Amino acid sequence: MIPRYASFGPRSLSGLRAPSLSARPILTTRFPARCTPTLRSWESTTTGEGKSGHIDAAPNESILWIDNLFPLKLSGLLRAPWKTPDEDLSELMKRFENSTLGVLDPINMVKRAIPKNAPVKVTEILPRLKDGGAFVKFTYPADVPVKEIETTISKSLQEQPVRPFFSPLRGVQAGLVKGVPWLEDLHRFPKDRLRVEFVAKDPGEQAVELSQETLYSLFRRYGKIAEITSQPWDSKVLPKFAYVDFAFVRDAIMARNCLHGFVVSEELGGGKLGTRLRMSYESRAKPHRIWDWMSNHPRIVIPIIVALLTGLTVIIFDPIRSFFVKAHVTHRFRLSNSRVYRWLRQQTSDILSFRREKAEHAGLEAVWTHRKDLIDQIQKWLMETAETFIVVQGPRGSGKKELVLDQALKGRSNVLVIDCKPIVEARGESATIKQMASAVGYRPIFSYANSISSMADLAVQSTTGVKAGFSETLESQLQKILQTTAGALTEIGVSNRSKTDSDASLPVDAYLEAHPERRPVIVIDNFLHKGDANPIVYDKIAEWAAALVQSNVAHVIFLTNDSSYSKSLSKSLPDRVFRQAALGDLSPDVAKRFVLSHIDGDEEQQPKATEEDSGEPSEKQPEPKARLDITELDDCIGTLGGRLTDLEFLARRLKAGQNPKQAVAEITEQSASEILKMFLLPGKTTSDGEHKWSMEQAWYLVKMLASNESLRYNEVLLHNTFASSTTAPDSEGALEGLANAELITVKTNNGRPGWITVGKPVYQAAFRLLARDSVLAAKMDLAVLTELSKAEAKTIDKVETELALLGGLPKQPSQTGGRVAYLLAKLEGAQKKVEGYEREMAGLKKVLSSQY
């Protein structure tokens, strides 16, 4: 509670209530200062007389509000829940009273605020700590207008301002209380916004909503008004109200304490019955100008946000990703490169038997000896500075990867291998990005974020009409990964450069051009695997590789099964000649040595391992089995061919105890089963979206190559199975698809397709095996004849339509005679073909119905 002090009037002392031990000086115009006893010197008046919340005023008595006596920050003391406001304020006022600094006493400032010539007698002072001022009740002569007293006090404060110590710029201000102030002790603290409600003077009467001009004229005298906001016209809230926003909180305090409960008369615009003003503080919503501007300008803000996020990603994640790429290329954290692992491997090499590895190594030695010139040529190319690709082409299973990685790049560090197969076969853009990042060691990668960004971009575009740019295309994502990898490879190439080198001052590209042996090597395996599946991946890899070799950052080696690789690579390096190395099947002599090396390497390890495992002399062990009979190996290798994977398969079967004929027969049967499953089953047509050929076209090639070692390329294209196919009309595309699937091999003559052979040497025997199956041959021939009959039926239908058109002419011109004869001859030829096909089909149906 706030204490109410006994008053000191300037004219008389009759307003004092009872004597008291304490006394205060009185400032008057006629008498010198004197002391007057008081009663209830510390009675609280926080809530007015009798805690009613109002102040009573007798006739010829009025109330003055004096502002800026207390700091508004002290109103926070009223929030303490463990003490009552009365006790806190009493103790505070006791400290003010006992202070030796009289000029800082709030009561002293009240005395100084009232001029000596003012005809007033102060009867009571009611401090209001929460509002930072005090109500001063005074009496005045009946012949003196109270307005004149207010003007006198205000003029005196302007001429001789009273400034408290806590507010040196704003002095004490005074205003006449015109309404009925409400002295409440609620936790409602002053704000710069007033909610002014318009209520009736007496219950049951009707109030009038005041206009903004009327409100301005009433409130402007108390301070600068920032804004007046009337109640919306369609609002149903009662009573009607308006908001008055002041520039300063103390102006709002003075206006509320002076005008609360004021009745606006009819002359002032309050209606016939008058309108009472009821005021309360209102928290003004802080204007979010920055947020409002951002939300109102999405076309400007969204690109800026995207740019900031992109920059933040580059600053934070790019160095981390570059570090992981370098670690992936240099194998810094690979266990096999650690000294401890190598030492353990060396110490345990005599204990642990690596028979299979040694046998395979012994078998490959014969192959590497045969291809030593090719290995030396690749190593020589890596020591040169030519800005072009190295392309190693060969059929699947010819040992391209082993030749390059295990022999040509043996002992060379900083080798990056990118396998295109898992990248191209990945389903969806997120999986493709993840596989590409994994191939180069690019991490962290948030592949799922692209889908989320796409949805967010779509939502923003649908609401704002502008594309936000959150999502990135697959092409841009791959470009980002490859650019980061290129930067890491450049750093790896110059990582061993020392400041003491003679060419240390050279630029990076010039230094790497002068030292080709220090460039990293990039091996791109399975290039053009399923070339039509995801061409963006191959195009981006080829462009990136071209940029690397042209800037002398790295050597690039492509490993591919596709003989038409030059079409794709020439787009990236159109003015360069590629360095090509072609791998074919092994010759019969080398193939025989390869198989024998596999078998001999295994037999050499078998007795030694048996002796070590048993711990007994070798003569006590059973003798090893006799050497396998390989007298028929030459004929079997001639049938099997020189494909490396097939030879390894044969060697494993021979080591398992099979004889060469039996092993080759099983390999042939397995190959025939694979051909039947992949090419000759129903449904292997263009309708599945993956193949460009029909099973009838595949069977024609199988049947013809079973009896011929090669076929003319153009002769195959002119055959009705290809030229008149209804399921796969693109005959050249069908042959290309079958070549990519390795059923056949298309060999060139002077740069153009010349002839067709089997895809693998073992397929020659597999084709013969399939052709000897009379039931399969009858079924497939029946399908081929059915397809040809459909083609001829279409021809007949076209001819008949044209003949009907010509026959419908009113007169038969002589010029149409030749055309009619041609169409009739064509119709006759097609009919004869159909009849021949049907006779053959009848015979094939008998075979199918009589044989299993």
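Since we're looking at a predicted model, the values are computed, not measured. Side-chain atoms are counted along with the backbone in the values below, which use heavy atoms only and exclude waters and symmetry mates. Start at 1 with the first residue, then count along the sequence.
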Stepwise side chain to side chain contact (heavy atoms under 4.5 Å, CB included) test for Leu176 and Val146: CA-CA 8 Å; Leu176 186 65; Val146 68; 3.6 Å; yes
If you compare all heavy atoms of [X] against all heavy atoms of [Y], which two are closest, and at what distance to 0.1 Å?
X	Y	value
Ile114	Val122	CD1-CG2, 3.5 Å
Pro119	Pro141	O-CD, 3.2 Å
Pro115	Ala113	CD-O, 3.4 Å
Gly270	Thr275	O-OG1, 2.8 Å
Leu218	Leu259	O-CD1, 3.7 Å
Ala252	Leu194	O-CD1, 3.6 Å

Under the side-chain contact (heavy atoms from CB on, under 4.5 Å) rule, collect the residues that match up with [X], sequence neighbours excluded.
X	answer
Val263	Lys201, Arg276
Ser265	Glu267, Leu268
Thr485	Val325, Leu416, Val440, Ile481, Leu489, Trp544
Ser283	Lys191

Ring pair (Phe, Tyr, Trp, His ring centres under 6.0 Å): which pairs involve residues 213-240, sequence neighbours left out?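 Applying ring pair (Phe, Tyr, Trp, His ring centres under 6.0 Å) to every pair that reaches into residues 213-240, excluding sequence neighbours, yields nothing.
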Does Ser154 reach the main-chain N or O of Thr151 with its side chain, forming a donor-acceptor pair under 3.5 Å?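 Such a contact is absent between Ser154 side chain and Thr151 backbone.
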Checking [X] now: which residues fulfil salt bridge (charged side-chain N to carboxylate O under 4.0 Å, His left out) with it, not counting sequence neighbours?
X	value
Lys147	Glu150
Asp192	Arg284
Arg278	Glu197
Lys178	none

So, do [X] and [Y] sit near enough that their side-chain heavy atoms are less than 4.5 Å apart?
X	Y	value
Lys540	Leu482	yes
Leu312	Leu308	no
Val177	Leu64	no
Arg250	Gln173	no
Phe198	Val264	no
Leu69	Pro164	no
Asp67	Val172	no
Thr139	Val120	no

Check the surroundings of atom CD1 in Ile290: do more than 12 heavy atoms from other residues, nucleotides or ligands lie under 6.0 Å from it? no
Does Arg170, at its CZ atom, have more than 12 non-hydrogen atoms belonging to other residues, nucleotides or ligands within less than 6.0 Å? yes
Tell me every residue that passes ring-ring contact (aromatic ring centres under 6.0 Å, His included) with Phe241, counting only those two or more places apart in sequence or in another chain. Tyr243
Donor-acceptor pairs under 3.5 angstrom involving side-chain atoms of residues 316-323: please list them, not counting sequence neighbours.
from	atom 1	to	atom 2	distance (Å)
Arg321	NE	Pro444	O	2.8
Arg321	NH1	Tyr442	OH	3.0
Arg321	NH2	Pro444	O	3.1

Within 45 degrees of the axis of the six-membered ring of Tyr281 and under 6.0 Å from its centre: does Arg256 put its NZ or CZ there?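 Verdict for Tyr281: a cation-pi partner in Arg256.
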Atom CG of Leu126 and atom CD1 of Ile55: how far apart are they, to the nearest 0.5 Å?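 Spacing of CG (Leu126) from CD1 (Ile55) equals 5.0 Å.
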Between the NZ atom in Lys326 and the OG1 atom in Thr484, the distance rounded to the nearest 0.5 Å is 12.0 Å
Would you kindly say whether Gln160 and Ser156 are connected by a side-chain donor-acceptor distance under 3.5 Å?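 No.
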Before you tell me yes or no, could you show the steps for Thr214 and Ser217 under side-chain hydrogen bond (donor to acceptor under 3.5 Å, both in side chains), namely the whole-Å CA-CA distance, both residues' side-chain angles and the distance that decides it to 0.1 Å? CA-CA 5 Å; Thr214 303; Ser217 63; 5.3 Å; no
Going by the rule side-chain hydrogen bond (donor to acceptor under 3.5 Å, both in side chains), which residues pair with Ser230 if we only count those two or more places apart in sequence or in a different chain?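 Result, side-chain hydrogen bond (donor to acceptor under 3.5 Å, both in side chains) vs Ser230: Gln212.
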